[in-house]
Structure formats: C-alpha cells, structure tokens
Amino acid sequence: MALLEINNLKTYFFTRNGVVKSVDGIDFSIEKGEILGIVGESGAGKSITGFSILNLIDDPGKIVAGEIIFNGINLLTLSEEKLEKIRGNEISMVFQDPQTSLNPVISIGDQLIETILYHNKKVAKKDARKTCLDILKLVGMPAAEKRMGSYPHQLSGGMKQRVVIAMALLNNPKLLIADEPTTALDVTIQAQILYLMKKLSKDMNSSLILITHDIAVVSQLCDKIAVMYAGRIVEYGRKKDIIFNPMHPYTKGLVACLPKLNDENDRLYQIPGIMPSLLNLPEGCYFKNRCDYADEECNTYPEKKQIDKRILFCHKVKEN
Amino acid sequence: MKLFTNEAVIEFMEDKMAVSGLAVFILFIALALAPSLFTYQNPYDLTQLFLENSFQAPNTNFVLGTDEQGRDIYSAIIYGLRISLYVGLVSTFISVIIGFSAGLISGYYGGWVDTLIMRVADIQLSFPSILIALIIMALWGAGIGKIIIAITLVNWVYYARTARGVVLLEKEKDYTQSAQALGMRNLKIIFGEIMPNTTAPIIVIATVRIANAIILEATLSFLGLGVPITEPSLGSLISNGYQVLFSGYWWTSVFPGIVLMVLVVSINLVGDRMRDIMNPRLKR
Amino acid sequence: MAKYIFNRLFHSVLVMFTISFIVFFIMFKAGDPVELMLPIDATQQEVIEMKHALGLDQSFIIQYGKFLENVAQGNLGNSFRYGQPALDIVIERFPATLELSVLAMIFSIILGIPLGIISSLKPNSILSRVIMFFSLIGISVPVFWTGMILVLIFSVVFGVLPSSGRGEVFLFTSALTWDGIKHLIMPVITLSAFQLALILRLTRTGMMEVLLQDYIKLATAKGVPRRIIVYYHALKNTLIPLITVIGIQFGQLVAFTIITETIFAWPGTGKLIIDSIQNLDRPIVVAYLLCISVIFVAINFIVDVLYTFIDPRVRV
Ligand SMILES: Nc1ncnc2c1ncn2[C@@H]1O[C@H](COP(=O)(O)OP(=O)(O)OP(=O)(O)O)[C@@H](O)[C@H]1O
Ligand SMILES: [Mg+2]
C-alpha cells in the first residue's frame with residue numbers, strides 16, 4: 001500500500017474575479033522511502049498541492065473534491081484535532097519562503113522546541129532542546145547553541161531556511177513535503193542540503209515530496225516525477241522515463257532546459273511564451289498555445305493515457 | 001490600491017451597511033443644503049416662536065417636541081445639522097489642504113524642513129486634541145470661524161503624516177526617479193506624480209476625520225466653548241437640552257443626540273468600508 | 001540600553017520645556033484676569049495695584065523667567081480665584097481624575113482585547129457582527145452624549161444609580177466601598193466607551209492581519225494546537241504594537257475626564273479646569289497643563305522603554 005495516495009484532488013480559490021482552479025484533479029502516489037519531485041513553473045499549483053495534503057488551505061480557497069489517503073486514512077475526513085496530531089509529526093512541510101515563515105516575536109529555540117513538545121508531552125524540555133540542537137547542527141547551522149536564543153530578524157536568509165528545515169525534521173516525519181527548500185541558500189549549500197534530505201529520508205525510510213521549478217534538482221534526487229502545468233499534472237512517471245525519454249511537449253521543453261555537460265554552445269533552452277492565467281484558461285489543452293505540435297485535436301482537453309508506468313495527457317503522443 | 005475603479009465601487013456597493021451609511025449621509029447633506037424646504041419653522045426667527053408652545057412633548061404639531069422658547073425641535077435639528085456638517089466638512093477640507101501640503105513638502109524635501117514639521121506633529125500628537133482645541137477656544141471665545149480654525153489646527157497632523165508616508169514610499173519607486181532624471185521641476189513632480197497616489201489614503205482618513213471633527217465640535221459646543229448660541233449646532237442643542245434633562249424634558253436633548261449619532265455612524269460606516277477596500281491583505 | 005534611556009529622558013525634558021513655553025505663552029496672550037477678578041466698578045488705581053501684586057505688569061520674558069524659576073521650586077503661584085497655591089489645588093484633585101482614567105483604561109482593556117479576538121476569529125459570524133456593531137457605536141458616540149443617556153436611563157428614569165459625585169471614599173479610591181462603586185459605574189462606562197471600541201477594533205484588525213501570515217500557517221503545519229496559535233503566536237504579535245496605542249490613549253482618557261467630570265460632577269481636575277479656563281485663572285490652568293504634560297511625557301517615556309523590552313525586534 002502506498003504511504004500517500006492522492007486521487008482527483010481539486011483545490012479551488014473562489015475569488016472576486018472568478019474561480020481559480022489552482023489544483024484541478026490531480027492523482028499521484030508515493031511509497032515508503034520514495035522521493036517524488038513535483039516540477040512546474042511559477043503559479044502551476046505546486047505549493048497549493050503541498051498545502052492541500054496538510055489541509056492548510058485558507059479562505060477563499062477550498063478543497064472541493066478528491067481524496068488524500070495517508071496510511072490508509074483519508075485526511076480530508078479527519079477532524080481538526082486529529083489533523084493537529086498528524087501535522088508536524090507524521091507529515092511535515094518546509095515552506096517556500098523562510099523569510100516570512102518564522103514568528104518574529106518568538107525565539108528560534110522556542111519555535112523549535114514547541115514542535116516536539118506539542119506532539120510528545122512526555123519529553124522533558126531539556127531533552128527536546130537537545131534534539132533541536134542536534135538537528136540544527138545536522139543542517140549545518142553555525143553557532144547553533146547561540147542561535148537558539150535568537151529571533152528571526154537576527155538571522156540571515158540562509159540560517160532561517162536551515163531553521164525551517166530543521167523544524168520539519170524534528171519529529172522524524174514519515175512524509176516530508178519540501179517546497180523549494182533551498183531557494184535562500186547559495187549553490188554549494190543547496191546541493192549539500194538536498195543530499196542531506198535525501199540521505200535522511202533513505203536512512204529513516206521516510207518519504208519526501210520535493211517541490212521545485214528546477215528540473216535539474218529533481219533529475220538528480222527523485223525516484224518519481226510529476227510535471228504540473230496550470231493546475232494539472234501533464235506527465236507523471238519514473239524518473240528515468242521522464243528525464244531520459246520525456247513524451248509530453250512541455251516536459252520535453254523542461255528537459256531541454258537542462259544544461260548538458262558536453263554541450264558546446266552553452267545557451268540554455270527556454271520554452272517560448274508564458275503559462276496562461278488560471279482565470280483565463282484556453283479551451284482544450286492548456287499548453288496548446290506554446291506547443292509546436294498543436295493542431296485542431298488539441299482544442300479538447302486530452303484524455304488520460306497510460307504508457308508503461310507513465311501517465312500522460314497529450315493528443316500528440318500515441319499509444320503504440 | 002485605487003479607490004475610484006469600477007471594481008472598488010462594486011466592492012463598496014456589496015456592503016449593505018456602508019451603502020446605507022452613504023445614503024444617510026447624502027440625505028443629511030441634502031437636508032442641510034436647504035433646511036427651509038424641509039422644515040415648517042425657522043427656529044431662529046423669533047417672530048415664528050410662541051412661548052405658549054414651550055416644552056411641548058412630541059405631538060402631531062411638533063413631531064419631536066419643542067424647547068423652552070417654543071422652538072420646534074425637528075426644525076432646530078435640521079438647522080443644527082447644517083451647522084455641524086458645515087463645520088465638519090469645511091474644517092476637514094482646510095486641514096486636508098494644509099496637512100497634505102505640509103506632508104508633501106516634508107516628505108519630498110526631507111532635511112530640516114522635514115525635521116521641523118514632523119517634530120511639531122509629534123509633540124502635537126502626544127497631546128490630546130480635545131485639550132488643544134479646548135484651550136484655543138477658551139482663548140478666542142465661541143464662533144464658527146474660530147472653531148473651524150481650532151479643528152484645523154488639531155487635524156492637519158494626520159494628513160501631513162499620511163501624505164509624508166506615501167511620498168516616502170513613492171519616492172523609492174522608479175517612476176519618480178525617472179521623472180527626476182528627466183529634469184522635471186519639483187512642483188511638477190509633486191502635483192503631477194505624487195499627488196495622484198496620495199489621494200486615496202487621504203480620502204479614507206479624511207472621511208474618518210470628518211466624523212471626528214463633528215464630534216469635536218459637538219463636544220466643545222456642549223462645554224459652551226463651541227459655536228455661539230445664536231447659530232446652534234447639534235452639540236449646542238444637546239447642551240441646551242441637557243440643562244432641562246432632569247426636569248423631564250428629555251426630547252430636547254435626546255433627539256438631537258440621536259441625529260448626531262446617526263450622522264457620525266453613517267460617516268464611519270463609509271470610512272470603514274473604504275479602508276477595508278484599500279487594505280488588500282484583509283480581502284476575502 | 002542606559003544610553004537609550006538617557007536619550008529618551010533628555011527628549012522628554014525637551015518636550016516638557018517646549019510645552020511649558022507654549023502653555024505660558026498662550027496664557028500670557030489669553031487676556032487680563034484682573035478685570036474678571038475685580039468688581040466692575042473698580043478704580044484704575046485698584047487695577048494697577050492688583051496687577052502689580054500679581055506680577056502681571058512685567059514684560060513677557062521676565063514673567064516667563066520668573067515662572068521657570070518658580071516651577072523649579074515647585075511653586076506655580078497662587079490661584080487668582082482661591083488664593084491658595086495652584087499646584088496644591090490641582091494635585092489635591094488629581095487622584096479622583098486618575099482613578100476614573102485608570103479604571104476606564106482597565107475596563108477598556110479587559111473587555112476590548114477579548115472581544116477583539118473573538119470578533120477576529122470568525123469575522124462573519126452573528127456574534128462578531130453584533131460586537132462590531134456596538135464598537136461602531138462606541139467610536140461614533142460623543143462622550144458627553146453617552147454620559148447623558150446613561151444619566152437619563154439609570155438616574156432619571158429608573159433611579160438606580162447616582163448621577164453625581166464620588167460617593168464614599170475609602171483610602172484613596174471609591175472603588176472600595178459599595179456606595180463608591182455605584183458612583184463609579186456610569187462615569188467609568190462613559191469614559192471608556194470610546195477607548196473600549198478603539199482597542200477592540202485595533203485588536204481585531206491586528207489579529208486578522210496576523211492570522212493570515214505565513215508563520216501562523218507554518219505553526220499550524222507543525223501541529224501546534226489552534227488555541228495556542230491564537231492566544232500565543234498570533235496574540236503576541238498583535239499586542240506588541242497595541243502597547244503604544246494604549247499609552248497614547250491613556251492621555252486621551254485623562255483629557256476626556258474633563259467632559260465626564262462635568263456631566264457627573266466628579267470632584268476631579270476636569271471640572272476645575274473648565275471653571276478656571278472660563279475665569280482665566282492662569283496659575284490653575286498652567287498648573288493643570290503642566291501636570292497633564294508630565295503625565296503624558298512620563299507615559300510616552302515608559303512606553304518607549306517598555307517597548308524595547310517587549311519587542312525583540314527593537315532591542316537596543
Ligand atoms: N489565496 C489565493 N487566492 C487566489 N488565488 C490563489 C491563492 N493562492 C494561490 N492562488 C493561485 O493558485 C495558483 C497556484 O499557486 P501556487 O502557489 O501553488 O503556485 P506554485 O506552483 O507554488 O508557484 P511558485 O513556483 O511561484 O511558488 C496561482 O496561480 C495562484 O494565483
Ligand atoms: Mg510555490
């Protein structure tokens with residue numbers, strides 16, 4: 001049984017200007033110990049997918065349909081109290097923006113320690129503190145001891161990011177959702193943190209959902225990849241299939257963006273055009289305006305296709 | 001955030017309370033513009049008053065009763081409304097002009113001009129406005145013109161601060177810098193570029209301050225330091241009625257008070273709604 | 001830290017100086033108290049003698065210099081009216097005024113903050129709407145009218161509460177005797193109606209904004225119970241800026257006792273100052289304004305310093 005299975009998840013925002021279908025009927029699943037990458041460009045609905053799993057959608061948003069089955073239980077049917085026990089304990093999340101994710105008037109130490117204490121009342125505060133320090137050191141926080149008494153404004157962006165990552169790891173979650181966890185770090189440390197997260201998840205046999213716009217990152221770390229575009233998954237499958245043999249024109253474009261080591265002219269490829277606004281989606285396939293292969297057929301949204309272990313939505317790829 | 005876009009207007013209209021507030025306010029303005037059309041007595045024309053009508057409880061002839069001199073309270077309220085609105089609107093208008101300019105100058109030029117203006121504002125803000133107005137009125141004596149000046153003196157600070165804040169923000173934005181690069185004259189930048197962006201927040205504050213100015217005027221008049229008895233505002237009507245409250249003539253002060261309250265509530269409803277619209281973070 | 005406190009202190013003294021000058025200048029220009037004090041048929045000679053006796057025939061600078069010298073010795077001159085030292089008269093009445101102000105502030109805080117929180121949690125519920133309706137009334141109704149209506153209802157119509165005076169005073173306050181409490185109820189409600197509504201509204205807006213922040217979402221994502229998020233994570237962020245407001249508003253409360261005391265014949269400084277303004281009793285007005293200024297400046301100072309302890313972002 002999969003650790004997490006998402007079926008037909010729909011998260012809509014009911015705004016003044018209309019309904020924004022940020023997540024519009026997506027399916028994926030993740031096994032124990034597996035790493036799933038969700039890629040897509042800005043506004044594709046990646047973060048909202050992550051928040052939906054924890055049922056953290058604020059007004060005017062609402063999860064309007066679907067199932068989120070974690071360990072055999074549909075999280076969407078759970079009461080707020082039961083969810084509180086799962087959040088930060090069995091499933092935790094690293095937020096995209098570390099700058100705004102920490103409470104400005106509570107010390108780093110208190111914000112870390114409470115994460116343990118609210119889930120495990122029996123732990124002594126002293127021991128909780130020790131765990132926090134260990135994990136801070138693990139994520140490479142300089143002068144961890146001293147930082148426990150600091151407030152967020154006294155930390156650099158990179159340090160805050162480490163705090164947020166450490167916070168998510170404290171209770172050894174079965175599933176970690178990491179939303180662009182390394183944006184505030186410089187490149188060398190990015191790789192370091194990412195590999196650390198990979199190592200931890202393998203060591204503890206926990207699962208990781210890595211949300212990013214950077215196909216290079218997922219191509220290195222993940223076992224499975226879901227490509228999102230305008231609120232929907234357009235291609236989903238094993239890493240080796242997606243990276244070495246992309247089929248959806250959008251995925252092809254993303255993979256073409258990957259810098260190739262032996263490529264002489266180092267110009268990076270860019271997919272022309274921009275993603276349509278979620279309030280103003282075109283008839284038919286959402287990608288058709290940017291697609292080289294599009295024709296009349298694409299004026300209807302493509303049916304789901306299964307090719308080997310890959311799921312795909314495109315008229316132009318024919319099942320043999 | 002703009003206040004006069006179609007979207008903002010639609011959003012405003014969605015709040016029934018705010019719309020009724022606006023409707024009441026407009027109605028009151030209409031009444032105040034031509035009070036004689038809506039009343040059957042000019043309450044300050046002594047030839048129209050008859051002592052035998054004094055202190056009548058509300059009845060079919062005098063819907064809201066009469067006062068000591070036989071003055072119809074309803075008519076007196078309409079005329080008082082006129083004075084209250086006049087003081088509130090005019091004083092706000094003048095304070096906006098003065099405060100707005102002071103704030104623009106302060107924010108735009110910075111330096112010692114800024115320091116001076118903001119110091120004065122700081123000291124003034126740390127002192128309750130009622131006390132400042134009270135002392136000014138005590139020195140000058142009652143009078144509509146004087147009370148307008150007193151209210152202006154305590155209120156200009158709010159607009160100055162807001163205007164300055166917006167100017168400092170706008171200064172950072174590159175369009176102003178590019179305007180400077182193009183060598184536009186300072187005044188032209190202020191009035192052509194910065195002023196349009198300061199208007200919306202100033203209007204919101206001004207709305208709330210109109211309400212405040214009306215309350216301030218009423219309070220001073222209640223203490224006998226506001227408008228003279230010959231031109232009574234709602235505040236002075238309440239004050240007059242208060243003298244005879246204990247004799248049981250409650251209508252002479254209660255009705256003007258209710259009208260004053262409705263007036264201020266309606267203005268605040270409009271102001272609240274505008275502020276909500278301007279604050280995109282609280283949007284639902 | 002010591003340097004910061006010293007700086008604030010210096011700033012406070014400067015402000016006091018400015019205020020004293022303005023106050024004196026205004027009163028100097030205010031007109032001639034002598035005419036009011038002597039009978040209408042007083043002779044020219046009597047006027048001159050009186051002026052001389054009160055030191056009013058000297059130039060502005062000399063009068064101000066003398067005034068500062070006297071202030072330094074705690075002497076603000078004798079009341080023109082009562083003949084006693086002005087400062088004594090004012091100070092004697094201050095406890096009654098402060099009692100009203102402090103009680104009104106406490107009342108506003110202990111009701112305003114919880115109601116503000118409640119109305120921020122479910123802004124569209126019936127209860128929130130009711131609370132917001134009353135807070136709108138609260139900020140819209142002039143103090144004097146609240147007082148009058150209360151008197152009309154509870155004293156004139158039902159006759160359950162006394163409409164004037166301070167009642168029985170025990171130690172320094174009337175809040176300790178039943179009679180005193182009955183006398184306090186209406187003045188305190190009258191004085192606090194506006195502040196209560198203001199604090200309520202500020203708490204509500206603050207909470208609503210804070211609850212939308214990422215760090216609240218992260219706290220939820222960590223599994224922190226909702227109750228803790230609201231009353232610790234969010235409330236702490238909301239209350240810190242509120243301290244400044246409460247400080248400034250306390251000054252407003254003291255000023256508004258002028259109206260409350262007039263209505264309820266409360267034997268504090270408010271009634272005294274209105275009478276003294278009308279009689280141009282310069283020493284009393286000056287003494288009152290200086291006392292008030294000291295209170296305001298002291299509050300501002302305390303709030304500033306307190307802030308640096310409470311808000312971790314402004315540690316100095
Ligand atoms: N509160 C909201 N109200 C209305 N629309 C929203 C809201 N939050 C998100 N959206 C919309 O949902 C869509 C998906 O947002 P999401 O944050 O998931 O994007 P993303 O893929 O994470 O992008 P990025 O890479 O920039 O983080 C966006 O188009 C956004 O406009
Ligand atoms: Mg995102």
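No hydrogens, no waters, no symmetry mates; every other heavy atom, side chains included, goes into these values. Sequence lines set the chain letters: A, B, ... in the order given, protein chains first and strands last, and positions in each chain run from 1. This one's a predicted model, so the numbers in the text were calculated from it and none came from an experiment.
Using a 4.5 Å cut-off between heavy atoms, B:L223 contacts chain C through both its backbone and its side chain. With a threshold of 4.5 angstrom between heavy atoms, C:I273 does not approach chain B through any atom at all. Contacts of B:L260 with chain C are made by side-chain atoms alone, with heavy-atom separations under 4.5 Å and no backbone atom involved. B:L234 does not touch chain C: none of its heavy atoms, backbone or side chain, sits under 4.5 Å away. For C:S163, the part lying near chain B is the side chain, with the backbone staying farther off; criterion is any non-hydrogen pair under 4.5 Å. Looking at C:V151, only its side chain comes within 4.5 Å of chain B, counting heavy atoms on both sides. At a 4.5 Å heavy-atom cutoff, the contact between C:I139 and chain B is made by backbone and side-chain atoms alike. Residue B:A211 does not touch chain C at all, counting heavy-atom pairs closer than 4.5 Å.
Within 6.0 Å of CZ in C:F94 there are more than 12 heavy atoms belonging to other residues, nucleotides or ligands. Under a cut-off of 6.0 angstrom, the local environment of CE in C:M16 is crowded, with over 12 non-hydrogen atoms contributed by other residues, nucleotides or ligands.
The shortest distance between side-chain heavy atoms of C:F133 and B:V265 does not fall below 4.5 Å. Side chains of B:L134 and C:I258 form a contact here, defined as non-hydrogen atoms less than 4.5 Å apart. Residues C:Y288 and B:L131 form a side-chain contact, since some pair of their non-hydrogen atoms from C-beta on lies under 4.5 Å apart. Between C:R201 and B:D272, some side-chain heavy-atom pair lies under the 4.5 Å cut-off. Contact annotation: the side chain of C:F144 never approaches that of B:S239 to less than 4.5 Å [non-hydrogen atoms, C-beta and beyond]. Taking 4.5 Å as the limit, some side-chain heavy atom of C:I149 sits within range of a side-chain heavy atom of B:V254. Within the 4.5 Å cutoff, side-chain heavy atoms of B:F222 are placed close to those of C:I263. C:L136 has its side chain within reach of B:L269: a pair of non-hydrogen atoms, C-beta onward, lies under 4.5 Å apart.
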**OP:** Test side-chain contact (heavy atoms from CB on, under 4.5 Å) on B:L245 and C:L152 and set out the steps.
**Re:** CA-CA 7 Å; B:L245 183 66; C:L152 182 64; 3.5 Å; yes
**OP:** Could you check B:I238 against C:W145 for side-chain contact (heavy atoms from CB on, under 4.5 Å), going step by step and ending with a plain yes or no?
**Re:** CA-CA 8 Å; B:I238 300 170; C:W145 207 61; 3.7 Å; yes
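Comparing C:I274, C:V157, C:V15 by how many heavy-atom pairs each has under 4.5 Å with chain B, the most go to C:I274.
Of all heavy-atom pairs between C:S140 and B:V264, the closest is O-CG1, 3.2 Å. Contact record, C:G251 with B:P128: O-CG, 3.4 Å, taken as the closest heavy-atom pair.
The distance from the CD1 atom of C:I277 to the CG atom of B:L225 is 6.5 Å, given to the nearest 0.5 Å. The line from CD1 of C:I259 to CG of B:L220 is 8.0 Å long, rounded to the nearest 0.5 Å.
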